[in-house]
J.: 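Handing you this structure, nothing more for now.
Residue numbers count from 1 along this sequence. Just follow the structure's listing: the first ligand is 1, and inside any ligand the first atom is 1.
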Amino acid sequence: MTIFSRIVAGEIPSYKVAEDENYYAFLDINPVAKGHTLVIPKREVNYLFELDEDEYLGLWAFARKVAKALEAAVPCKRIGVAVLGMEVPHCHIHLVPLNTEGDLNFAKQKLTLPAEEMQAIAAAIAAKM
Ligand code: 5GP
């Protein structure tokens, strides 16, 4: 079971932003920018391009809803999108509020925000869903 499956199952806490029957969105624990959100299929599949067609398209449709809510909740120029999967073998789309090109640099020092701030950001995005 991946760490993300354990989050979906509620075994590990997360700052949940949104969920439906098949997909789940939550804040990245070490964001590259405030509001950095991960969008995943609940079903455990390692690689994005291994998803079957319906689930793949559904994931992107769900990610777009989350991105619009994120953009409404966190002031930024636009929402950047990345798919890496170098760390967690459970496919996920990174949604990152961008103000500069450098905000999407995953090699730089990540942020560690206080729990109250993470909670407040997640609640603000969820309220825009
Ligand atoms: P990737 O697999 O796309 O290279 O990176 C995985 C991402 O998941 C990283 O940005 C990392 O901060 C995030 N991450 C790893 N473990 C956890 C976790 O337990 N909870 C949350 N919310 N994010 C995690």
J.: So that I can tick it off, tell me whether E71 and R78 are bridged by a salt bridge, with the cut-off set at under 4.0 angstrom between side-chain N and carboxylate O.
T.: no
J.: Where does F26 meet ligand 1, judged by heavy-atom distances below 4.0 Å: at the side chain, the backbone, both, or neither?
T.: side chain
J.: Who gets closest to atom 9 (C) of ligand 1 by heavy atom: D28, L27, I12?
T.: D28
J.: For ligand 1, find out whether one of its N or O atoms is nearer than 3.5 Å to an N or O atom of I3.
T.: no
J.: Just wondering, do I121 and Y15 contact through their side chains at under 4.5 Å, heavy atoms?
T.: no
J.: Assess whether a salt bridge exists between K42 and E19, defined as any Lys/Arg side-chain N lying under 4.0 Å from an Asp/Glu carboxylate O.
T.: yes
J.: Below 3.5 angstrom, do we get any N/O pair linking H36 and ligand 1?
T.: no
J.: With a 4.0 Å heavy-atom cut-off (strictly under), which part of I7 contacts ligand 1: side chain, backbone, both or neither?
T.: side chain
J.: Can you confirm whether or not the ring centre of Y24 sits under 6.0 Å from the ring centre of F62?
T.: no
J.: For the residue pair A18 and M129, what are the closest heavy atoms and their distance?
T.: CB-CE, 3.6 Å
J.: Does any N or O of ligand 1 fall below 3.5 Å from an N or O anywhere on M86, backbone included?
T.: yes
J.: Classify the ring geometry between W60 and Y56 as parallel (under 30°), tilted (30 to 60°) or perpendicular (over 60°).
T.: perpendicular
J.: Tell me the protein heavy atom at minimum distance from atom 15 (C) of ligand 1, and give that distance in Å.
T.: E87 OE2, 3.3 Å
J.: A side-chain contact here means heavy atoms from C-beta on lying under 4.5 Å apart; do L38 and H36 qualify?
T.: yes
J.: Donor-acceptor pair, H94 side chain versus H92 backbone, under 3.5 Å?
T.: no
J.: Quick check: does L38 get an N/O under 3.5 Å from an N/O on ligand 1?
T.: no
J.: Which bit of F4 gets closer than 4.0 Å to ligand 1, counting heavy atoms only: side chain, backbone, both or neither?
T.: side chain
J.: Which atoms of ligand 1 are found less than 4.0 Å from any heavy atom of H92?
T.: 1 (P), 2 (O), 3 (O), 5 (O), 6 (C)
J.: Would you call G85 a ligand 1 contact, heavy-atom distance under 4.0 Å?
T.: yes
J.: Which heavy atom of the protein is the closest neighbour of atom 24 (C) of ligand 1, given with residue, atom name and distance?
T.: I29 CG2, 3.6 Å
J.: Taking N or O atoms only and a 3.5 Å limit, does L84 qualify as a polar contact for ligand 1?
T.: no
J.: Can you find a heavy atom in the side chain of C76 that is under 4.5 Å from one in the side chain of L98?
T.: no
